[in-house]
There are 2 protein chains.
Amino acid sequence: MGVKERKERDKVEMRDKILQSAQHLFLAKGFDQISIRNIAEAIEYSPATIYLYFKDKNEIIHALHLDGFRLLVRHFEPLVKFTDPFERLIEMGNAYIKFATNNPGVYELLFVRTEPMKHITNRLDEEWKEGDRAFDVLFQTVSQCQQSGHFKGLDTQNLSMMIWSFIHGLCSLGISNHITHVKEARDKKLVVDAVMASTYQTFQTVMERLKA
Amino acid sequence: MGVKERKERDKVEMRDKILQSAQHLFLAKGFDQISIRNIAEAIEYSPATIYLYFKDKNEIIHALHLDGFRLLVRHFEPLVKFTDPFERLIEMGNAYIKFATNNPGVYELLFVRTEPMKHITNRLDEEWKEGDRAFDVLFQTVSQCQQSGHFKGLDTQNLSMMIWSFIHGLCSLGISNHITHVKEARDKKLVVDAVMASTYQTFQTVMERLKA
DNA sequence: ATCTAAAAATAAACACCGTTTAGTAATTTT
DNA sequence: AAAATTACTAAACGGTGTTTATTTTTAGAT
């Protein structure tokens with residue numbers, strides 16, 4: 001009488017298959033190439049079948065969104081080895097930048113595109129958990145910095161938000177090719193990275209001065 | 001023998017008409033509703049006609065892009081009344097945030113979407129002038145702050161870039177609904193604005209501490 | 001084994017999209 | 001008035017997300 005159970009497994013399997021194909025298309029050919037029809041062809045089913053497993057395309061994109069967050073969190077894991085909270089904070093920025101420049105498409109999905117957020121909107125508490133957790137890693141580190149006597153008189157939440165805003169702004173400008181105003185833009189990819197690096201270096205200096 | 005002249009005027013007029021319709025569609029119904037077919041219907045011509053005046057859709061979007069920059073620059077104009085460079089810097093941030101939150105679509109067009117930048121890519125020098133000029137306003141102000149003795153030992157270009165990154169990050173997160181991790185998100189619009197305001201307040205404090 | 005009801009998959013259509021091509025209509029030049 | 005140029009468009013191509021009606025497959029009961 002394990003029919004029901006098997007069917008449920010099959011359903012999950014199919015969902016996974018769809019998501020895998022979507023992710024593959026996304027990573028191989030970019031956001032625009034995630035189309036229901038492309039996914040359908042990849043899994044060798046008709047486009048309509050996909051709608052038996054997902055409400056609409058946004059739900060698929062949102063699922064990819066979650067996967068992206070897991071990848072980001074994985075970038076943060078090695079940070080535990082930095083015992084000094086300030087050092088960890090700085091390295092967290094480097095990890096974040098590395099994640100963004102190595103996975104620009106994923107980054108765009110997580111923090112630039114509005115589609116995945118639209119899908120959430122209502123039931124925020126359940127769905128934005130991953131975002132909360134990632135932000136909390138930052139929050140905790142900032143908090144520990146303050147316990148060590150840094151950043152006196154600044155609100156932890158606001159300061160964390162400020163740091164995130166800066167780092168996100170830098171990554172977002174870099175990825176969207178908006179840093180090209182730098183005159184010596186010969187080999188672009190390299191120059192953008194260089195600008196991001198020296199800008200972050202400056203930020204680092206600023207944060208160090210703020211220690212006192 | 002003013003036939004040629006009249007025809008040239010007509011051509012310009014038609015271009016304007018197309019752009020006006022595009023802008024109207026954009027502001028009224030959002031980025032996605034800028035379609036060649038919608039524009040064509042609005043100006044009561046066939047879709048194919050539009051291609052006699054613009055190479056492709058990207059060229060139209062890029063033209064809107066330029067208009068958006070003019071709007072941004074207009075937001076900066078009242079800043080001349082602040083004679084103290086640091087005060088002007090802070091107010092510039094307020095003006096930028098105001099521009100972004102009042103014109104989220106336009107902001108997205110200018111600094112988030114990659115389409116308009118794609119269109120530029122090659123001939124950067126001619127086309128990214130507006131961007132250069134806007135950045136220069138910031139650069140000059142930061143420079144004047146340093147001449148007044150602030151921000152000692154920091155590279156002007158890097159510091160300007162850092163400030164822009166922060167402000168852009170804040171606006172970008174706000175507009176794309178990525179600030180919703182704040183728990184007390186009841187009336188969203190309001191809360192997002194509040195978070196942006198207090199984050200910017202913190203940034204302001206940080207910059208003030210950096211004066212010395 | 002057969003019939004039936006439920007579940008799964010799909011073909012085909014709808015309403016869009018950007019863009020191109022080939023042909024028509026209007027205008028200017030000769 | 002005829003020829004040449006310019007302005008315009010109908011129709012098609014290949015794409016998109018999504019829905020509806022229909023068919024195929026599967027499961028359970030007789």
Side-chain angles (χ1 to χ4, degrees), chain A residues 1-19 21-26 28-65 109 113-116 118-119, chain B residues 1-19 21-26 28-65 109 113-116 118-119:
Chain A
M1 200 47 75
V3 172
K4 223 175 186 177
E5 286 76 1
R6 194 209 61 209
K7 284 212 170 182
E8 269 170 32
R9 277 205 312 275
D10 284 358
K11 197 134 200 166
V12 172
E13 225 172 85
M14 187 67 155
R15 259 189 82 103
D16 279 0
K17 212 169 165 184
I18 292 170
L19 285 179
S21 294
Q23 188 166 49
H24 183 258
L25 281 165
F26 173 48
K29 303 188 184 176
F31 191 84
D32 300 334
Q33 289 305 306
I34 315 175
S35 80
I36 300 292
R37 285 172 157 89
N38 285 152
I39 296 170
E41 198 183 3
I43 63 173
E44 295 175 299
Y45 280 81
S46 87
T49 302
I50 291 173
Y51 287 86
L52 302 174
Y53 297 89
F54 292 90
K55 190 181 138 281
D56 56 20
K57 195 182 164 181
N58 279 336
E59 196 170 299
I60 296 174
I61 289 172
H62 177 245
L64 294 184
H65 194 253
L109 195 63
R113 293 276 171 174
T114 60
E115 290 93 332
K118 266 178 201 158
H119 184 260
Chain B
M1 200 46 77
V3 172
K4 221 175 187 175
E5 285 78 3
R6 193 208 62 213
K7 286 212 167 180
E8 268 169 32
R9 277 203 315 274
D10 284 359
K11 197 133 202 167
V12 172
E13 227 171 82
M14 187 65 155
R15 259 189 82 104
D16 279 1
K17 212 169 166 183
I18 292 170
L19 286 178
S21 293
Q23 188 166 49
H24 183 258
L25 280 165
F26 173 48
K29 303 188 186 175
F31 191 84
D32 300 334
Q33 289 304 308
I34 314 174
S35 80
I36 300 292
R37 285 171 153 90
N38 286 152
I39 296 170
E41 198 184 2
I43 62 172
E44 295 175 299
Y45 279 81
S46 87
T49 302
I50 291 173
Y51 288 86
L52 302 173
Y53 297 89
F54 292 90
K55 187 180 142 281
D56 56 22
K57 195 182 166 181
N58 279 335
E59 196 170 298
I60 295 174
I61 289 172
H62 177 244
L64 293 184
H65 194 254
L109 194 64
R113 292 277 169 173
T114 59
E115 290 93 329
K118 268 177 200 157
H119 184 260

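So that the names make sense, note that chain A is the first sequence line, chain B the second, and so on, each numbered from 1.
Using a 4.0 Å heavy-atom criterion, one finds that B:Ile34 contacts the sugar-phosphate atoms exclusively. Across all strands shown, B:Thr49 has heavy atoms under 4.0 Å from base atoms, whether or not it also approaches the sugar-phosphate. Looking at heavy-atom distances under 4.0 Å, B:Asp10 makes no contact with the nucleic acid at all.
A:Ile43 is not listed as a side-chain neighbour of A:Thr49, based on a closest heavy-atom distance of 4.5 Å or more.
To the nearest angstrom, P of D:dG15 lies 18 Å from NZ of B:Lys57. If you measure from atom CD of A:Gln33 to atom C1' of D:dT16, you get 11 Å, rounded to the nearest angstrom. Rounded to whole Å, atom P of D:dT19 lies 9 Å from atom NZ of A:Lys55. Rounded to whole angstrom, the span from the OH atom of A:Tyr53 across to the C1' atom of C:dT10 amounts to 12 Å. Straight-line distance from the CD1 atom of B:Ile18 to the P atom of C:dG18: 13 Å, rounded to whole Å. Atom pair A:Glu41:CD and D:dG17:P shows a separation of 13 Å (rounding to whole Å applied). To the nearest angstrom, P of D:dT9 lies 14 Å from CD1 of B:Ile36. The CZ atom of B:Phe54 sits 16 Å away from the C1' atom of C:dT19 (whole-angstrom rounding).
Summary for the helix from C:dA1-D:dT30 to C:dT30-D:dA1: the axes at its two ends, each from 5 pairs, differ by 30° when rounded to the nearest 10 degrees.
Residues B:Glu44 and B:Lys17 are not paired through a salt bridge, judged by the lack of any N-O separation under 4.0 Å between the basic side chain and the carboxylate.
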*Check the pair A:Leu109, A:Phe26 against side chain to side chain contact (heavy atoms under 4.5 Å, CB included), reporting the backbone distance first and the verdict last.*
CA-CA 10 Å; A:Leu109 195 63; A:Phe26 173 48; 3.8 Å; yes
*asked:* Using the rule given for salt bridge (charged side-chain N to carboxylate O under 4.0 Å, His left out), can you reason through B:Glu59 versus B:Arg15, listing the C-alpha separation, both sets of side-chain angles and the distance that settles it, and then say yes or no?
replied: CA-CA 11 Å; B:Glu59 196 170 298; B:Arg15 259 189 82 104; 3.6 Å; yes
*With side chain to side chain contact (heavy atoms under 4.5 Å, CB included) as the test, would you mind laying out the steps for B:Ile18 and B:Tyr45 before giving the verdict?*
CA-CA 10 Å; B:Ile18 292 170; B:Tyr45 279 81; over 6 Å; no
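Closest to the side chain of B:Tyr45, out of D:dA10, D:dT19, D:dC8, is D:dC8. Nearest to the side chain of A:Ala48, among C:dA8, D:dT20, C:dT19, sits D:dT20. Closest contact between the side chain of A:Leu52 and the listed nucleotides C:dT10, D:dT9, D:dT16 involves C:dT10.
Side chain of B:Lys57 to main chain of B:Ile34: a donor-acceptor pair is present (N/O by atom type, distance under 3.5 Å, no hydrogens or angles).
Look at A:Asn58 and you won't find any side-chain N or O under 4.0 angstrom from OP1 or OP2 of D:dG17. Within the structure, every side-chain polar atom (N or O) of A:Ser46 is placed at least 4.0 Å from both OP1 and OP2 of C:dA11. Put simply, A:Asn38 has a side-chain N or O that comes within less than 4.0 Å of OP1 or OP2 on D:dT16.
Side-chain to base pairing of A:Arg37 with D:dG17: one donor and one acceptor N or O lie within less than 3.5 Å of each other.
Position along DNA chain C of the nearest nucleotide to A:Ile50 versus B:Tyr51 favours A:Ile50 as the more 5'-ward residue.
Considering NZ of B:Lys29 and OG of B:Ser35, their distance stands at 9.5 Å, rounded to 0.5 Å.
Nearest heavy-atom pair across B:Leu64 and B:Leu19 is CD2-O, 3.9 Å.
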